[in-house]
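Comments concern the structure below.
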Amino acid sequence: MLPLCVRLCHVTALALALAALARPAHAQYVGREQDIVSLRLGQRVLVDDGTCPAGEVKEVSGAKMSPTGVVPARKCVPRLGPKKK
């Protein structure tokens with residue numbers, strides 16, 4: 001059985017980790033896909049280049065790792081809020 005202070009430290013660490021995961025991620029908007037400098041694994045960037053239907057925007061995300069780096073995945077997602085310039 002662990003002492004009370006060690007158990008409280010574990011519970012606190014777990015609560016902080018869950019709080020960090022629960023925060024909504026804010027995606028970055030760019031005008032062109034070429035403006036994405038370095039895409040990290042799991043990162044999402046919204047590209048407003050007009051290639052998706054009205055009311056949608058292209059989402060480029062770091063999908064998986066390859067020997068040459070992060071492989072991007074592209075899909076159209078609903079636009080949330082007004083168009084940003």
Side-chain angles (χ1 to χ4, degrees):
M1 184 100 178
L2 293 174
L4 179 62
C5 63
V6 174
R7 286 186 296 190
L8 286 176
C9 287
H10 287 187
V11 170
T12 303
L14 179 62
L16 288 174
L18 290 176
L21 292 175
R23 288 188 353 210
H26 296 287
Q28 175 186 4
Y29 264 92
V30 295
R32 301 177 309 161
E33 201 167 333
Q34 293 85 356
D35 295 338
I36 302 172
V37 179
S38 61
L39 189 64
R40 296 183 309 271
L41 192 61
Q43 180 184 7
R44 293 179 179 178
V45 179
L46 300 176
V47 180
D48 195 5
D49 60 0
T51 57
C52 290
E56 294 186 345
V57 65
K58 185 187 333 179
E59 179 185 82
V60 179
S61 61
K64 61 182 179 178
M65 286 297 294
S66 74
T68 58
V70 177
V71 178
R74 296 162 186 87
K75 66 179 178 179
C76 292
V77 296
R79 181 186 305 272
L80 301 176
K83 181 177 180 179
K84 303 202 180 195
K85 294 183 181 183

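Numbers here are sequence positions counted from 1.
- Considering OG of Ser61 and CG of Leu41, their distance stands at 9.5 Å, rounded to 0.5 Å.
- Annotation: Arg74, atom CZ; neighbour count of heavy atoms from other residues, nucleotides and ligands within 6.0 Å is above 12.
- Distance CZ/Arg79 to SG/Cys52: 9.0 Å, rounded to 0.5 Å.
- Under the 4.5 Å side-chain heavy-atom criterion for ILVMFWY residues, no single connected hydrophobic cluster contains both Val71 and Val45.
- The CG atom of Asp35 sits 11.5 Å away from atom CG of Asp48, with the distance rounded to the nearest 0.5 Å.
- Residues satisfying the side-chain contact (heavy atoms from CB on, under 4.5 Å) test with Thr68, not counting sequence neighbours, are Ser66.
- Once rounded to the nearest 0.5 Å, the distance linking OG1 of Thr51 with CD of Glu56 reads 10.0 Å.
- The NZ atom of Lys75 sits 6.0 Å away from the CZ atom of Arg44 when rounded to the nearest 0.5 Å.
- Here the closest non-hydrogen pair linking Val60 and Pro72 is CG1-CB, 3.8 Å.
- Taking each heavy atom of Leu39 and Val70 in turn, the nearest pair found is O-CG2, 3.5 Å.
- What you find for Glu33 and Val47 is that their closest heavy atoms are N-CG1, 3.6 Å.
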